[in-house]
Amino acid sequence: MSVDDKPLNFLEQIIKKDLEEGVHQKLITRFPPEPNGYLHIGHAKSICLNFGLAETFGGECNLRFDDTNPAKEEMEYVEAIEKDVRWLGFQWAGEVRYASSYFDSLYEWAVHLVKHGKAYVCELSADEARKYRGTLTEAGQNSPYRDRPVEESLDLLERMKTGGFDEGSKALRAKIDMAHGNMNMRDPILYRIRKQAHHQTGDKWCIYPTYDFAHGQEDAIENITHSICTLEFADHRPLYDWFIENLPVPSRPRQYEFGRLNLNYTVTSKRKLKQLVDEGHVSGWDDPRMPTIAGYRRRGYTPASIRKFCDMIGVTKSDGVVDVAMLEHAIRDDLDKNAPRAMCVLRPLKVVLSNYTGTEMLTAAGHPNRDDLASRQLAFGAEIYIDKADFREEANKKYKRLVIGKRVRLRNAYVIEADEVLKNEAGEITEVKARVIENTLGKDPEDGVKAKGVIHWVAAHDCAEFTVNLYDRLFTDAAPDAGGKDFLSCLNPESLLVLEGCKGEKSLLNAEPGQGFQFEREGYFCRDEKSESLQFNRTISLRDSWAKIENK
RNA sequence: UGGGGUGUAGCCAAGCGGUAAGGCAGCGGGUUUUGAUCCCGUCAUGCGAAGGUUCGAAUCCUUCCACCCCAGCCA
């Protein structure tokens, strides 16, 4: 959160009150991802919330991997997640935490519940358990194992732990209420048998705690004061509280829920994102079209823009769908203010200036309204490239670019006038012959005939040549995720357009991997950080009111 | 039909009994060597609906309606 006088969101109000009333001396939050995929924009909201709250209230935020399910988790993901959180600009308190490092305590607490008659080993199969659970409107039935002797459960639990039983043959369940209106309270599973190696604990465990049995206790161990999660966990809160109340945990955390982020034209479901990667619809988790933090980073989004976006959308308990235009606004806003300018001709058309001889170097500002950004040198000569879209043989008055017999300003250089067009046998324009209007560097033509517009260009004799990746939305449908439809059928076949042989000003040869620029009149681009050759990725186009006029 | 949650403009979102902030998008105009940026203006007699309380209601009460989540040994 920024320091301006924005109204407090509901969580900030709760925390402010808790701190003022001395309910807590210090705020401690946590961001608890499961390392089963890369972080996406929805996680960014949670990260900004949890770390942001800690920042504004002088508290701390932990990074804790909720690694209770070895079947789905990998080290690659834990590394990627740490990198993404750091990249967003947040620092977690102390070391990275792992739910798995609390497995001993969790097990002791499970034993504690059994000893107090509040948990039992159940031998119902998953299918049977489902039948016993009842439905949303009908009460469930007690498991036949529910009232077995404590000693028996204790013995069975111990043997589950040491690998004495097959996966799925037994489970430890809390003894709560099979008729409860909240399904989560119908004797939920605490431990299940999983004979799988874990990325942190190796093969030490044959049983793993479920989310419900682990999460609140993890929070208590870390003295989390406000445990913030998304709306779908609101139903779990009574269970969260039940464990905290029935276990000798060291602190009393409270759970609060907020509405997760939904973005139109975007899919934010780890399962679906993983599918896009696994089935090769994108090049990987960091494909610039992916709504992952890694994808946005490679696309050229900045941490500041993502944080700004999270700030813009707010935090509430209503679940809406945010327009991607907001995200696009956030990155344009940041890059407009901070990205150095450069010229790049995406689809080159040669223009020969018949009255110009020799070459010269011109100076251009690094940014139109920031003189702290270094200016650059531009080569100029008799042969230049302009974009094919910036020339027409004839056009109406609304078209403010190069037209035969008309003038146009070359950005940062002279005004020119087009005389003639050359075509090949297929009738395609191959070259334009034009003239420089003398003495128009930095001033209007002396004859009073002003150029109507300004176009960008690059000198043919001294430029950089590279590939540009034009990225667009991954989905054509505003709600690819919505009910029933197959999200893959909504994929945009034109989400990536590769342009070879683009001509950019020479200085672009020195761009650092990841460095962002505004290619004037085109959009924001960054040097791809992965490819060997020089390639630029389009982060986002400039707003284009001409396109609106033209399409009318 | 059980439990939990949410309804303020096209979208996000303030509002917490005193007469509907802000942002995004849109629209109109101005500046401009980027059809960008920037600037100005415009955009809810209306707050899911209907009743009620009150001098006064988006805010309180009642009833109704719509939408979201829950029946993984996923998180």
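Quick note on labels: first sequence line is chain A, next is B, and so on, each numbered from 1. Just so it is clear, the structure is predicted and the values come from calculations on it, not from any experiment.
- At least one side-chain heavy atom of A:L239 sits less than 4.5 Å from a side-chain heavy atom of A:F243.
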**Message:** Please determine whether salt bridge (Lys or Arg N to Asp or Glu O under 4.0 Å) holds for the pair A:R341 and A:D336, giving the CA-CA distance in whole Å, both sets of side-chain angles, and the decisive distance to 0.1 Å.
**Reply:** CA-CA 9 Å; A:R341 309 286 127 121; A:D336 172 62; 3.6 Å; yes
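- A 3.5 Å limit on both hydrogen-bonding distances identifies B:C40 as the Watson-Crick or G-U partner of B:G28.
- A:R543 has a side-chain polar atom (N or O) that falls below the 4.0 Å cut-off from OP1 or OP2 of B:U37.
- Shown here, B:G26 is classed anti by the O4'-C1'-N9-C4 or O4'-C1'-N1-C2 angle, which is more than 90° from 0.
- Within the 4.5 Å cutoff, no side-chain heavy atoms of A:L157 are placed close to those of A:Y120.
- Remark: A:R194 is not positioned above the aromatic ring of A:Y208, lacking an NZ or CZ atom under 6.0 angstrom from the ring centre and at most 45 degrees off the axis.
- You'll find the ring centres of A:F65 and A:Y98 inside the 6.0 Å limit.
- Looking at A:H236, its side chain comes within 3.5 Å of the base of B:A75 through a donor and an acceptor atom.
- Taking every heavy atom of residues 517-526 of chain A and every atom of RNA chain B, pairs under 4.0 Å involve A:Q518, A:E520, A:R521, by number.
- Atom NZ of A:K272 sits in a crowded spot, with more than 12 heavy atoms from other residues, nucleotides or ligands closer than 6.0 Å.
- Taking the P atom of each, B:G10 and B:G51 are spaced 23 Å apart, rounded to whole Å.
- A distance of about 32 Å separates the P atoms of B:G52 and B:A13, rounded to the whole Å.
- Within the structure, salt bridge (Lys or Arg N to Asp or Glu O under 4.0 Å) pairs that include any residue of residues 210-222 of chain A comprise A:R30-A:D219, A:R64-A:E218, A:R64-A:D219, A:R64-A:E222 (at least two apart or interchain).
- On a pure distance criterion of 3.5 Å, a polar donor-acceptor pair joins the side chain of A:D235 and the base of B:G3.
- In this entry B:C64 has B:G48 as its Watson-Crick or G-U wobble partner, both defining distances falling under 3.5 Å.
- Proximity of A:H456 to the phosphate of B:U34: no side-chain N or O atom is located under 4.0 Å from OP1 or OP2.
- Residue-nucleotide stacking is present for A:W546 and B:G35, judged by a side-chain ring centre under 5.5 Å from the six-membered base ring centre and planes under 30° apart.
- Remark: aromatic rings of A:Y191 and A:F213 are close, center separation under 6.0 Å.
- Below the 3.5 angstrom threshold, one finds a donor paired with an acceptor across the side chain of A:R341 and the base of B:U34.
- Set against B:U34, B:A25, B:G35, the side chain of A:L542 has B:U34 as its closest nucleotide.
- Residue A:R133 has a polar side-chain atom (N or O) positioned under 4.0 Å from OP1 or OP2 of B:C73.
- For A:Y240 and A:F233, the gap between ring centers reaches or exceeds 6.0 Å.
- Nucleotides B:G7 and B:C16 are separated by 15 Å at their P atoms, to the nearest Å.
- On a pure distance criterion of 3.5 Å, a polar donor-acceptor pair joins the side chain of A:R401 and the base of B:G35.
- Aromatic ring pairs are classed by plane angle as parallel below 30°, tilted from 30° to 60° and perpendicular above 60°; the pair A:W205 and A:Y107 is tilted.
- Nucleotide B:G35: unpaired (no Watson-Crick or G-U wobble partner with both distances less than 3.5 Å).
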**Item:** Nucleic acid footprint by protein, nucleotides 11-18 of chain B - heavy-atom cut-off 4.0 Å, B for base, S for sugar-phosphate alone
**Value:** BSSSSB--
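- Taking side-chain N and O atoms only, A:T68 has a distance below 4.0 Å to OP1 or OP2 of B:A75.
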